[in-house]
Amino acid sequence: MVTRFLELVSLEEALRKTLSSFSYTPTEEEVSLSDAAGRVTAAPVFTRQSVPQVHLSAMDGIAVKSKDTHGAGEQRPVILQDFLRVNTGNVVPSEYDAVIMIEDVEEDEAGHYLIRRAAAPWQHIRPVGEDIGESEMIVPSSHRIRPHEIGALAAYGVTTVPVRTVRTGLIATGSELVPPGTRPKVGQVIESNMQMAVACLRDLGATPTHYGIVPDEPEQIREAVIRGIKENDMLIISAGSSKGTRDYTASIIEELGEVFIHGVAIKPARPVIIGAIEGKPVIGTPGYPLAAYTIIREFITPMMGAYGLQPPVPETIPAVLSTRLDSAGGTDEFVLLSVGRVSDRWVAVPQSRGAGVQMSAVRANAYMKIPARKEGVMTSEEVQATLMVPQSVAAESLLITGSHDPCIDYLGDMLRKHAVTLHPTHAGSMGGVLSLKQDTCHVAPMHLLSDDGSYNIHYLEKYLPETPLTLLCVAEREQGIIAPEPITFDELLDKRIINRQKGSGTRILFDHLLKEKGVNPAEITGYEREATTHLAVALAVRSGEAEAGIGVYSAAKALGLSFTPIGTERYELVTRTATLDAMPEVRQLFENVASDTFKEILHRLGGYRTEETGIVRRIP
């Protein structure tokens, strides 16, 4: 029987309830000095020795008794009979209380030293404990140890440090799960949520223990939960948090303890469970990866703060949204973003909102919350973007919005050598043109065929008539039919196909060819099914979901599929000329496109002609 969620509570109420329901007493552990950086001290750390332990000379010179130098002057030099030659760092014996720099003494033929200035007591001597005295406190409790402090702790005789931690047990449930490194069969999924959780928890200073994969068998889940509670301060259970026929997490927590929240008005991650067993927190995260990540960020990280682990507070910046986002009222929705500086303002480009699309998190450098009181955000509306990287790194990001091509990823890899990060959004060529028009991207890749057979210029002059633009040819690339076996265009019309999204150059080319043949698109099976990348087309064909599709040769080659050319198009990067002039990052992108290294990559990928690669055109 499938049951519904318990009553949904707001994110604010769920967090308040969670943070007020537990004692949050951290565990103390001793860690080696080499592992202490970034950890929070559980108790004060004291030095075990004075530094220096004896009086040391701070200069190269002679150690003297200061009383023997009294009266020395330019007209009354004093010849010293009692002294000791020392170098910087040498021990100064207790009978001496000053050091005179070697530059300030004169040596006579008998080996005596003559001085013309009196020495003050303790001059140029590092006394015992000048840096720190034995038993003195080095750092207090609740102190996050910085990397440079490791050297000081070592110098003061410290070899281990008491730090706070939270012993956290991790249980992944699901009969469909297989371990990382396994090639999943149909119906299987690689367990990744707890791999992510381990990394996040370690970064926060917790001590995670991954108990592995537990199948959807209530007794086995119960045994894992009992063990996890016994051995840890907190327990996180992945999947099984919904109310399906094989979702047992909530019932087992309730059987062994208490469930006080099951369902939060948050997206993704609505079916989260917050409960307690033996007074210890138990969190049930949804199985979708981005939903699990949202719970780690929005619930578990604040809980680690309550334990005293001092998680860092991310920076928030105002940014204008590149496109409209609709949202269900009454639910706080989190959206992953790519942000960058465009024309002296921050621009935020939303990533895919699917809870299972982990590449959205890989591509993102920020996120935003659409509050429950709103039903969406309008294009160009200012939002608060929470950075996942330092602001200086986000400022080096290039927002690339428009037509997809696999070579863009290779350009991104090349630019990392110059500390530039590409953030591509596959919005189709027309999506790129509109983004350029709104000034919400740096560069737009495009390949739009006009009725006269030319590429790109017609559309740019139509939509940005008064804007100076610079176009850079990436390549002339082959578009063609991707299928398991070679087929003609006429044969394609009788196949079950997968199409590219509206506004993409590939879709426009396909429609142009259909118009030439007088074919009604509605008669083609699969015409309305859309893919946002060429590789997605190839994947659908290889999996058998579609019998054919149109894309670039490199996508067909990557998946070992047949490719029948149907046309060659001009694939170009377009930017505002003012952006090119103002941003060295964009100029670096253009330089890399024109390089021999990039041309070699295109030849290796296949399906590209590079005679025009690097050629610049300007409008006007």
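For clarity, every value in this text was computed on a predicted model and none was experimentally measured.
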Using a distance-only test with no angle check, is there a side-chain donor-acceptor pair under 3.5 angstrom linking [X] and [Y]?
X	Y	result
His143	Glu149	yes
Glu396	Thr421	no
Thr597	Ser595	no
Arg164	Ser142	yes
Thr88	Asp60	yes

Would you call [X] and [Y] a salt bridge, taking side-chain N to carboxylate O under 4.0 Å as the test?
X	Y	result
Glu381	Lys374	yes
Arg116	Glu106	yes
Arg345	Glu382	no

How long is the straight-line distance from [atom2] of [Y] back to [atom1] of [X], given to the nearest 0.5 Å?
X	Y	atom1	atom2	result
Ile277	Glu255	CD1	CD	9.0 Å
Met194	Leu170	CE	CG	5.5 Å
Ile229	Leu235	CD1	CG	5.0 Å
Lys17	Phe22	NZ	CZ	9.0 Å
Thr285	Ile296	OG1	CD1	7.0 Å
Ile213	Leu177	CD1	CG	5.0 Å

Measure the shortest side-chain to side-chain distance between [X] and [Y] over non-hydrogen atoms and say whether it is less than 4.5 angstrom.
X	Y	result
Thr294	Arg297	yes
Pro350	Leu321	yes
Asn365	Leu387	no
Phe299	Thr18	yes
Ile115	Val64	no
Asp332	Pro371	yes
Pro268	Tyr288	no
Ile102	Tyr113	yes

Please check: side-chain N/O of [X] versus main-chain N/O of [Y], any donor-acceptor pairing under 3.5 Å?
X	Y	answer
Thr165	Gly205	yes
Glu254	Leu256	no
Thr316	Gln384	no
Ser50	Glu134	yes
Thr331	Ala372	no
Thr579	His442	no
Arg144	Gln310	yes
His55	Val128	yes
Asn592	Gln588	yes
Asp104	Met101	no

Side chain to side chain contact (heavy atoms under 4.5 Å, CB included), that's the test. Do Met388 and Leu336 meet it? Break it down for me. CA-CA 10 Å; Met388 300 161 67; Leu336 291 162; 4.2 Å; yes
If you look at every heavy atom in [X] and [Y], which pair is closest and at what distance?
X	Y	value
Leu56	Val92	C-CG2, 3.8 Å
Gln123	Ala118	OE1-O, 4.4 Å
Ala250	Val259	O-CG2, 3.6 Å
Ile283	Ile295	CG2-CG2, 3.9 Å
Val342	Thr440	CG2-C, 4.5 Å
Leu337	Ala385	CD1-CB, 3.9 Å

Candidate pair Gln358 and Met196, rule side chain to side chain contact (heavy atoms under 4.5 Å, CB included), full reasoning: CA-CA 11 Å; Gln358 296 190 69; Met196 170 187 63; 5.7 Å; no
Step-by-step side chain to side chain contact (heavy atoms under 4.5 Å, CB included) determination, Val166 to Thr207: CA-CA 6 Å; Val166 180; Thr207 303; over 6 Å; no
Mutual orientation of the aromatic rings belonging to Tyr24 and Tyr307 [parallel < 30°, tilted 30-60°, perpendicular > 60°]: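 Perpendicular, since the angle between the ring planes exceeds 60°.
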Got a sec: does the [atom1] of [X] have more than 12 other heavy atoms crowding it under 6.0 Å?
X	atom1	result
Glu107	CD	yes
Lys267	NZ	no
Arg48	CZ	yes
Arg416	CZ	yes

Go through Leu80 and Thr69 one step at a time and tell me if the side chain to side chain contact (heavy atoms under 4.5 Å, CB included) criterion holds. CA-CA 8 Å; Leu80 298 173; Thr69 71; 4.2 Å; yes
